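Since the structure comes first, as structure tokens, the remarks are kept for the end.
Computed over heavy atoms, backbone and side chain alike; hydrogens, waters and symmetry mates excluded. Lettering follows sequence order; numbering is per chain, from 1. Please read all numbers here as calculations on a predicted model, not as lab measurements.
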2 protein chains.
Amino acid sequence: MTPNADNADKYRVKSLDHALDVVEALGHGGRDGLAVTEVATAVGMSKSSAYSILQTLLRRGFVASHGSGPTRRYRLGLSFAYLGDQVTSQTGLREVAMPYLEELTRVAGLTSRLAIFDEGYAVAIGRIDGPGTIRIAPFLGRRELPHATAIGKAMLATLGDDEVRAIIEPIGLLARGPNTIVDIDTLLRDLHRTAERGYAVDDEEDTAGVVCIGASVHDRTATCVGAISVTALKHEMRADAAAEIGALVRRYADSITTELGGR
Amino acid sequence: MTPNADNADKYRVKSLDHALDVVEALGHGGRDGLAVTEVATAVGMSKSSAYSILQTLLRRGFVASHGSGPTRRYRLGLSFAYLGDQVTSQTGLREVAMPYLEELTRVAGLTSRLAIFDEGYAVAIGRIDGPGTIRIAPFLGRRELPHATAIGKAMLATLGDDEVRAIIEPIGLLARGPNTIVDIDTLLRDLHRTAERGYAVDDEEDTAGVVCIGASVHDRTATCVGAISVTALKHEMRADAAAEIGALVRRYADSITTELGGR
DNA sequence: AACCCCGTTTGGTGATACCGAACAAGATCT
DNA sequence: AGATCTTGTTCGGTATCACCAAACGGGGTT
């Protein structure tokens, strides 16, 4: 028995893993949720197993359901809203930064975001939507590539070359947009320029047609604890406006840093 | 065997229930998280079981850990930030309402919130913090009593008396603050007045020293889909200011309703 | 009205979740 | 600095239970 024994199952609770599959499936399920059979096929398990898992999550408020009988559908419940808020609030950074983000969005007229580092990736923990009708980069909590985003490069630029290499090495320089930097030396040069001028620029490096400008935030020990950024469509931001916006973003980042007692 | 057979275990995945206990414990764990033993005692299970659950959640990004050896501590991971954002975004209401909330907070100088109905309770799904240093009612996703909050009463006031009774009956009129309405007839009178003037007032009914003013939001079928509110300390809001703020909140709620094509 | 589809229920069994106890490695105290 | 205590981590066995296949029943659709 135990034919291959990857050792990957050590301290793994299989049924919990299955339940997490269900949760993630529901997370991608969209507005009207998923039916039991859809969940079962999505995670590759039997209908009745999916049913039991859904019932358990339902009783605990982790999923909600509407409809009954053959029209019944399940989606994630409000418990996740509560826990997600707890997580993003646990970083005291968010409480301090959000008022500045609101002002930045109002002044610049652009969607702004707040992100932290998580195992080498940039993860947004706060967002203020701009007046535009289209929603750009709307996700919180999703890992984003550090070398392809303004928010990631702003944070990388605060580190030494060897630290950057150590972070990038396991992730790799994947091409995401038309201008993604896929060469480590080019990236390091870009980061040096970023450090000099005080703000990072993502010019269609992550998504075609989208430009971002970001700047880092520091705590009282002068270490980088996060970054803020604004996002715009390419045609909204002309080349000469970038420097102006960059200075603005940098100014707000510095204000947050100051309130944290940092730099 | 099966000595009492409550029938409560039907379609219950016990190990998943245990894992949810762990998640909730971590949710209340605060900034620096919980140690394995703390988790085990909090949920009432063995150390090794808690360890396996934590390891499984860790590998999936649902918890994060820092430290190692005897100083290792666990807290909820950023997956919850992502899923929580998904949940609150699934209600299209949030995307429409948040820009108005931002403006309302700026104009009124007070923390404002957006809430929906969830099985008779009011649940906040969006928030813009005001300039004050103290954080009032900061939670998202937590169920709040409908009869004791401005946001809840604003929604109740859009219903008929019998519907209100049907909602209140299973919940009860629990006393929360100094002025909580604990009598159903008094509540109904308050709701009638709320409907007439267009905004609800919570004058220390939920929390001592805190007053809230809320107004309901409607969709194109004229049914109430949620409510917004502002929160202030009692000494910040004089009696004559309430009517002014009430009209303001009501105006912003109407703007959201209009953008939804409603009323 | 008949068909079909899908949510719900049931029962059995092989896998496994849980526990108790031992091991190891920092932290704390003297 | 050394001893001791506390706490995270590992391991093995067994009663439990998570999973599946198949059957049931009720809406929705044609």
Side-chain angles (χ1 to χ4, degrees), chain A residues 1-23 25-26 29 32-60 62-75, chain B residues 1-23 25-26 29-30 32-60 62-75 77:
Chain A
M1 299 14 177
T2 62
N4 41 6
D6 302 75
N7 204 24
D9 295 15
K10 266 181 65 172
Y11 312 122
R12 185 180 99 108
V13 181
K14 206 177 179 185
S15 62
L16 173 55
D17 244 354
H18 289 344
L20 295 180
D21 289 337
V22 170
V23 166
L26 291 178
D32 43 359
L34 265 52
V36 177
T37 336
E38 292 171 337
V39 171
T41 59
V43 305
M45 75 171 102
S46 77
K47 227 184 344 177
S48 43
S49 300
Y51 185 71
S52 291
I53 290 173
L54 286 172
Q55 288 300 316
T56 305
L57 290 169
L58 188 62
R59 231 174 280 182
R60 295 294 228 94
F62 281 82
V63 311
S65 76
H66 65 280
S68 67
T71 60
R72 190 167 187 182
R73 302 186 82 78
Y74 298 86
R75 55 189 164 71
Chain B
M1 301 356 174
T2 63
N4 42 4
D6 301 76
N7 205 24
D9 296 14
K10 266 179 64 170
Y11 312 123
R12 186 178 99 109
V13 182
K14 206 176 178 186
S15 61
L16 173 55
D17 243 353
H18 289 345
L20 295 180
D21 288 337
V22 170
V23 166
L26 291 177
D32 43 357
L34 266 51
V36 177
T37 337
E38 292 171 338
V39 172
T41 59
V43 304
M45 76 170 102
S46 77
K47 227 187 338 180
S48 44
S49 301
Y51 185 71
S52 292
I53 290 172
L54 286 172
Q55 288 300 316
T56 305
L57 291 169
L58 188 62
R59 230 174 280 182
R60 294 294 228 95
F62 282 81
V63 311
S65 75
H66 65 282
S68 67
T71 59
R72 189 167 188 181
R73 302 186 82 78
Y74 298 86
R75 54 187 165 74

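Between the CD atom of Gln55(B) and the C1' atom of dC11(D) there is a distance of 15 Å, given to the nearest Å. Put simply, OH on Tyr51(B) is 16 Å from P on dG12(D), counting in whole angstrom units. One interatomic measurement links the two molecules: CG of Asp17(A) to P of dA18(D), which rounds to 15 Å at whole-angstrom precision. When rounded to the nearest whole Å, the span between CZ of Arg72(B) and C1' of dA27(C) equals 17 Å.
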Can you tabulate the close N/O pairs, meaning under 3.5 Å, that link protein atoms to atoms of nucleotides 28-30 of chain C?
none

Just the atom pairs and distances: protein N or O near nucleotides 11-19 of chain C's N or O, under 3.5 Å.
residue, atom, partner, partner atom, Å
dT16(C), OP1, Lys14(A), NZ, 2.5
dA17(C), OP2, Arg12(A), O, 3.3
dA17(C), OP2, Lys14(A), N, 3.1
dC19(C), OP2, Ser46(B), N, 2.9
dC19(C), OP2, Ser46(B), OG, 2.9
dC19(C), OP2, Ser49(B), OG, 2.6

Under 3.5 Å, N/O pairs linking protein and nucleotides 24-26 of chain D:
none

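Using a 4.5 Å cut-off on side-chain heavy atoms (C-beta onward), Leu26(B) and Leu54(B) make contact. Considering only heavy atoms from C-beta on, Tyr74(A) comes within 4.5 Å of Gln55(A) through its side chain. By the 4.5 Å heavy-atom criterion applied to side chains, Leu20(A) and Leu57(B) are counted as neighbours. Residues Val22(A) and Met45(A) meet the side-chain proximity criterion, which asks for heavy atoms closer than 4.5 Å. Considering only heavy atoms from C-beta on, His66(A) comes within 4.5 Å of Arg73(A) through its side chain.
Every residue meeting the side-chain contact (heavy atoms from CB on, under 4.5 Å) condition with Ala25(B), not counting sequence neighbours, appears here in chain and number order: Leu34(B), Ala42(B), Val43(B). Under the rule for a side-chain hydrogen bond (donor to acceptor under 3.5 Å, both in side chains), Thr56(A) has no partner lying at least two apart in sequence or in another chain. Annotation: side-chain contact (heavy atoms from CB on, under 4.5 Å) contacts of Ser46(A) (sequence neighbours excluded): Ser48(A), Ser49(A).
Atom CZ in Arg59(A) sits 8.0 Å away from atom CG in Asp17(B) (nearest 0.5 Å).
Taking both residues in full, the closest heavy atoms of Leu16(A) and Ala19(B) are given as CD1-CB, 3.5 Å, listed atom of the first, atom of the second, then distance.
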